[in-house]
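The next block holds one structure in the form of structure tokens; read it before the comments.
Naming: A, B, ... by sequence-line order, numbering from 1 per chain.
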Protein chains: 2
Amino acid sequence: MLNNQGAADLDSVFHALADPTRRAIVARLCEGPASVSELAKPFAMSLPAIVQHLQVLEHSGLVRSEKIGRVRSCSIVPGTVREAEAWLGLRRTSAERRLDRLEGFLNQNHPAKPI
Amino acid sequence: MLNNQGAADLDSVFHALADPTRRAIVARLCEGPASVSELAKPFAMSLPAIVQHLQVLEHSGLVRSEKIGRVRSCSIVPGTVREAEAWLGLRRTSAERRLDRLEGFLNQNHPAKPI
DNA sequence: TTGATTGTTAAGCACATGCTTAAGTATTCG
DNA sequence: CGAATACTTAAGCATGTGCTTAACAATCAA
């Protein structure tokens, strides 16, 4: 299989999110499931193009889908969104802790004088 | 200018993060500033390749750099990391609120019976 | 069964990406 | 000065991306 039952690698997750059409699809699916043509409706783009975007999103683990009759229902996978967010969160907090220490160090040696 | 004084558009931020070499550079810079050759050292890749990755990161607003003498010092821009994280956070929470409402609805109509 | 709906597959094209090597430019050190 | 250091620029190449159109299923509804 592509990923561990849809567990995403960050390469494909961030790549999937790097396109505005795909981010809009993700945003839409965060409000609830939708069919392929429902997802396509807002865009000035052929249906196959949307299907290709959905393939990128599904490959990344951000979206899953199930075909019932002739309709494919797509929905978000919140866990994958959380993974990408967590990667960013870890780096950001580590960078900000470092900046806090730096600020502390600067205040210690050159205390900010009021006015 | 490329962006509003480095204020990132999500396209270029997520695209920058979609490469493992660039994510490793970001992770390294979250521990503190570094020169181009320091950043290049861990990778089995030519220096120009690293410089190109740094250009992608700087264009996205994730990294900034300043050249002093012959050394270019690179550092992280925490605000940009925070922007990307915030986009994901908003979508995730909205998706999860929706799932919570759905769960509440299901419990209301088919209450989970103990054992 | 006929026709409309909903998606799928395949081929192709313009352009972007991620590397490479080779040849430059500054800057600092002895 | 001359040599070493630290990038920088340019060109080229294989592969990937984001679309298109055209043709093909599969399903549902009259």
### Message
Distance check needed: dT17(D) C1' versus Leu57(A) CG, whole Å only.
### Response
14 Å
### Query
Are the side chain of Thr80(B) and the backbone N or O of Gly61(B) linked by a donor-acceptor pair below 3.5 Å?
yes
### Task
Would you mind telling me which residue lines up with the more 5' stretch of DNA chain D, Gly69(A) or Arg22(A), judged by nearest nucleotide?
Arg22(A)
### Message
I'd like to know whether Leu17(A) forms a side-chain contact (heavy atoms from CB on, under 4.5 Å) with Leu10(B), so could you lay out the CA-CA distance, the side-chain angles of the two residues, the decisive distance to 0.1 Å, and finally the verdict.
### Response
CA-CA 8 Å; Leu17(A) 292 169; Leu10(B) 289 169; over 6 Å; no
#### Entry: Options dG18(D), dC7(D), dG18(C), nucleotide nearest the side-chain atoms of Ser37(B)
dC7(D)
### Task
Give the nucleotide from the list dC19(C), dC19(D), dT8(D) with an atom nearest to the side chain of Met45(B).
dC19(C)
### Query
What's the CZ-P distance between Arg23(A) and dG18(D), to the nearest Å?
12 Å
### Spacing of Ile50(A) atom CD1 relative to dT21(D) atom P, expressed in whole Å
14 Å
### Message
Please determine whether any donor N or O and acceptor N or O are separated by less than 3.5 Å between the side chain of Gln52(B) and the base of dT20(C).
### Response
yes
### Message
With a 4.0 Å cutoff (strictly under), does any side-chain N or O of Lys67(B) reach OP1 or OP2 of dT8(D)?
### Response
yes
#### Entry: Side chain of Pro48(B) (C-beta onward), nearest among dT8(D), dT20(D), dG18(C)
dT8(D)
### Query
Could you give the CG-to-P distance, from Leu47(B) to dG18(C), as a whole number of Å?
17 Å
### Rounded distance in Å - NE2 (His53(A)) to C1' (dG18(D))
6 Å
### Message
Let's see if you can work this out: which of dT8(C), dC19(D), dT21(C) has an atom nearest to the side-chain heavy atoms of Ser46(B)?
### Response
dT21(C)
#### Entry: Polar pair under 3.5 Å, donor/acceptor by atom type, side chain Arg70(A), base dT6(C)
no
### Query
Between Ser65(A) and Leu54(A), does a side-chain contact (heavy atoms from CB on, under 4.5 Å) hold up when you go through it step by step?
CA-CA 9 Å; Ser65(A) 74; Leu54(A) 283 170; over 6 Å; no
### Query
Any donor-acceptor pair under 3.5 Å linking the side chain of Arg22(B) with the backbone of Ala16(B)?
yes
### Query
In terms of the angle between their ring planes, are Phe14(B) and Phe14(A) parallel, tilted or perpendicular, with boundaries placed at 30° and 60°?
parallel
### Query
Is there a side-chain polar atom (N or O) of His15(B) under 4.0 Å from OP1 or OP2 of dT17(D)?
no
### Task
On DNA chain D, check which nucleotide each of Ile68(A) and Ala44(A) is closest to and give me the residue with the more 5' one.
Ala44(A)
